[in-house]
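For reference, the structure is listed below as C-alpha cells.
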Amino acid sequence: MEKQRKIWIAIPAMNEAAWLPATLNAAREQEYQNYEILVCVNQPETFSSSEKQEEKCIFENNQLTLDYLKQQKDLPLQILDKSSRGKGWAGGKGSVGAARKYLMDYIADQGTDEDIILSMDADTLFGRNYLASVNEIFNKNPDINGLSNPYFHRLTGEEPVDRAMLRYEIYMRNYALNLFRIDSLYRFTALGSAIATTVKSYRFAGGMTAKKSGEDFYFLQKLLKSGKLYLHNKQVVYPAARFSNRVFFGTGPAMIKGNTGDWESYPVYSYHLFDKVRETTDSFALIWNRDVSTPMDGILQAEKTGIWGKLRKNASTQRQFIKACHQKVDGLRILQFLKSEQQKLPYMENEILLRNLDILRISISSLAKHSLHEHSDLSGVSTATLEEIRMRLFEKERYFQEIKPETSL
C-alpha cells in the first residue's frame with residue numbers, strides 16, 4: 001500500500017478573516033486525511049496599539065481570525081499566535097516571509113524526515129484530491145527535494161480584477177514557458193501557495209530565509225540547488241485573484257500597479273532574451289578551458305570580476321565546474337538579466353507577445369490576433385482576448401510540465 005505520509009499544511013494569515021474559511025473548508029473535504037493544519041496569524045506588534053486606521057483594522061481582523069480558528073473543533077489544527085498584544089513581530093517588523101519561515105521551522109522541529117510540509121496561503125482553494133496527489137508524487141519520486149505545483153487564478157466576474165490578474169498571469173506564464181523552451185534549470189514558478197517539500201529536504205536546504213517578499217522564489221532556488229524539483233501535478237491550486245498589498249511584490253501588488261496602467265516591472269519578455277540566456281549556459285563547457293564572452297557578462301561582471309576563474313579554481317572536474325556555473329547563473333541572475341536587457345529594447349508589448357506565441361507554437365483565434373495587431377499593448381484588448389491568451393499559455397505550460405516534470409543541477 002502507498003505510504004501515508006503526514007502532511008503539514010502551513011498557512012500564514014494576516015488580515016484574512018474573509019478568506020480563510022473557504023481554504024479550511026477545502027481541507028475539510030480532502031479524501032486524504034493524514035494531515036495537520038498550522039495557521040500563523042501575524043502582524044507587527046506595533047499594529048496592536050496603532051492609531052493608523054489600516055494597521056488598527058488589520059489587528060482587529062486578525063483577532064476575528066483567531067476567534068474563528070478557536071471554534072474549528074473538527075479540524076486537526078494548531079494556531080500560532082503572532083498577533084495578540086505582546087505576541088506580534090518585534091520592532092515593527094514582520095512579513096509573510098517571516099510567517100512562512102516561522103511555520104516551516106516549527107514543522108521541521110516537530111515532524112519526521114518523510115513528513116511533507118505543504119506551503120499554502122489563506123486565500124487558496126484546491127480540489128479534494130490535492131493532498132493525496134502530493135503524497136503520491138513524493139512516494140513515486142523519493143529523490144525529489146520539492147514540488148512547485150501548477151496554479152490557476154479563477155475569474156471573479158469583476159472586470160478590473162480579472163483584467164489585472166490575466167495580464168499578470170500572461171507575464172508569469174510567458175516567463176516560465178520560455179524557460180521551459182530553452183531547457184533552463186530554473187524553469188519553475190514560485191508561488192507560496194503552491195510549494196511542497198519534505199522535512200528532511202527542508203532541513204538539508206537550510207530552511208527558508210525570511211524576506212519581505214519573494215521568499216517562495218528564493219526557497220525554491222535553495223531546494224533546486226540542493227537536489228531535484230518536481231514541476232508536474234494533475235491537481236492544480238487556485239490562489240485568489242485579488243488586489244492586495246500584503247507583500248512588496250507578487251500577484252497582489254502587481255495587480256494594484258497594473259490596475260493603474262503600470263506594468264513596467266512585469267513586462268512580456270522577448271523570446272530572444274531567453275535565447276541569450278541559453279547561449280550563456282551552453283557556453284559553460286567551453287569556459288571550463290578558457291574565458292568565453294557570453295551575453296550575460298554584463299550582469300555577472302557587475303557583481304565581481306574574474307568569476308569564471310574563481311569557479312574553475314574551486315572545481316576539480318568539468319562537471320563540477322558546470323554545476324557551479326549554474327549555481328552562479330541562477331534564477332535571480334536570469335531575471336536580473338531579462339529586466340536589464342528588456343529596458344534597452346523598443347517595447348511594443350503586443351508585437352513581442354505575438355512573436356513569442358509563434359516561437360512557442362501557441363495558436364490563438366484570428367479575432368484575438370486581430371485585436372493584438374490593432375493595439376500596442378494589452379490594455380487595449382478585451383478581457384475575453386486576455387482570457388483566451390492566458391488559457392493557451394496555461395495549456396502549453398501544463399504540456400511542458402508533463403513532458404519535463406523534473407529539474408536538477
Side-chain angles (χ1 to χ4, degrees), residues 7-27 35-48 55 57-70 72 75-84 87-90 92-111 116-126 146 148-149 151 190-197 199 202 207-220 222 237-240 242 244-253:
I7 298 179
W8 303 77
I9 305 174
I11 305 177
M14 184 175 81
N15 203 28
E16 299 286 6
W19 298 88
L20 185 58
T23 299
L24 295 188
N25 282 337
Y35 69 86
E36 186 163 350
I37 303 168
L38 287 87
V39 182
C40 180
V41 186
N42 71 101
Q43 97 266 317
E45 175 59 27
T46 53
F47 284 21
S48 64
E55 294 178 356
C57 287
I58 289 174
F59 172 72
E60 292 172 351
N61 184 286
N62 281 345
Q63 299 315 297
L64 291 174
T65 300
L66 288 170
D67 290 342
Y68 165 78
L69 289 171
K70 291 171 184 176
Q72 309 311 302
L75 284 171
L77 174 66
Q78 290 192 53
I79 305 167
L80 304 186
D81 182 1
K82 296 294 289 183
S83 172
S84 296
K87 296 184 178 181
W89 304 118
K93 297 181 180 179
S95 65
V96 66
R100 219 181 286 283
K101 174 178 172 55
Y102 186 76
L103 281 159
M104 297 174 89
D105 286 354
Y106 184 89
I107 293 167
D109 286 340
Q110 290 197 10
I116 296 170
I117 305 172
L118 187 64
S119 180
M120 182 62 61
D121 280 339
D123 60 357
T124 300
L125 301 180
F126 42 96
S148 177
N149 205 82
Y151 70 95
L191 272 78
S193 56
I195 296 173
T197 185
V199 167
Y202 182 79
M208 177 168 283
T209 303
K211 291 182 175 290
K212 291 183 178 179
S213 291
E215 78 288 342
D216 41 14
F217 176 83
Y218 290 101
F219 180 58
L220 282 176
K222 271 186 162 184
V237 297
Y238 302 94
R242 55 190 283 214
S244 171
N245 60 2
R246 293 167 300 168
V247 294
F248 289 90
F249 59 86
T251 307

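Counting begins at 1 with the first residue of the sequence. Just so it is clear, the model here is predicted, and its values are computed rather than measured.
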### Task
Evaluate the side-chain contact (heavy atoms from CB on, under 4.5 Å) criterion for residues L191 and N149: first the C-alpha distance (whole Å), next the side-chain angles of each, then the deciding distance (0.1 Å), finally the verdict.
CA-CA 8 Å; L191 272 78; N149 205 82; over 6 Å; no
If you look at every heavy atom in [X] and [Y], which pair is closest and at what distance?
{"X": "G192", "Y": "D216", "result": "N-OD2, 2.8 Å"}
{"X": "I107", "Y": "A10", "result": "CD1-CB, 3.9 Å"}
{"X": "L64", "Y": "A17", "result": "CB-CB, 4.4 Å"}
{"X": "G111", "Y": "W8", "result": "CA-CZ2, 4.0 Å"}

Point-to-point distance, once rounded to the nearest 0.5 Å, from [atom1] of [X] to [atom2] of [Y]:
{"X": "I79", "Y": "I11", "atom1": "CD1", "atom2": "CD1", "result": "11.5 Å"}
{"X": "I9", "Y": "I116", "atom1": "CD1", "atom2": "CD1", "result": "10.5 Å"}
{"X": "L80", "Y": "L38", "atom1": "CG", "atom2": "CG", "result": "5.5 Å"}
{"X": "T197", "Y": "Y202", "atom1": "OG1", "atom2": "OH", "result": "9.5 Å"}
{"X": "L125", "Y": "M120", "atom1": "CG", "atom2": "CE", "result": "9.0 Å"}
{"X": "E60", "Y": "N15", "atom1": "CD", "atom2": "CG", "result": "10.5 Å"}

Would you check if [X] and [Y] make a side-chain contact, meaning some heavy-atom pair closer than 4.5 Å?
{"X": "I37", "Y": "Q78", "answer": "no"}
{"X": "M14", "Y": "V41", "answer": "no"}
{"X": "T46", "Y": "W89", "answer": "no"}
{"X": "P12", "Y": "L103", "answer": "yes"}
{"X": "Y68", "Y": "Q72", "answer": "yes"}
{"X": "Y35", "Y": "P76", "answer": "yes"}
{"X": "S84", "Y": "L66", "answer": "yes"}

### Query
Between M208 and R100, does a side-chain contact (heavy atoms from CB on, under 4.5 Å) hold up when you go through it step by step?
CA-CA 8 Å; M208 177 168 283; R100 219 181 286 283; 3.7 Å; yes
### Task
May I have the step-by-step check of side-chain contact (heavy atoms from CB on, under 4.5 Å) for T209 and E215, ending in yes or no?
CA-CA 7 Å; T209 303; E215 78 288 342; over 6 Å; no
### Task
Please lay out, stage by stage, how M104 and F219 fare under the test side-chain contact (heavy atoms from CB on, under 4.5 Å).
CA-CA 11 Å; M104 297 174 89; F219 180 58; 3.8 Å; yes
### Query
Under the 3.5 angstrom rule, does the side chain of E55 hit a backbone N or O of F47 as a donor-acceptor pair?
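Looks like no, no N/O pair under 3.5 Å.
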Looking only at side chains, do [X] and [Y] share a donor and an acceptor under 3.5 Å apart?
{"X": "S48", "Y": "K87", "answer": "no"}
{"X": "Q63", "Y": "S83", "answer": "yes"}
{"X": "Y102", "Y": "N42", "answer": "no"}
{"X": "D121", "Y": "T124", "answer": "no"}

### Task
Using side-chain contact (heavy atoms from CB on, under 4.5 Å) as the criterion, point out the one residue from E16, Q43, K82 that pairs with N62.
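The option that passes is Q43.
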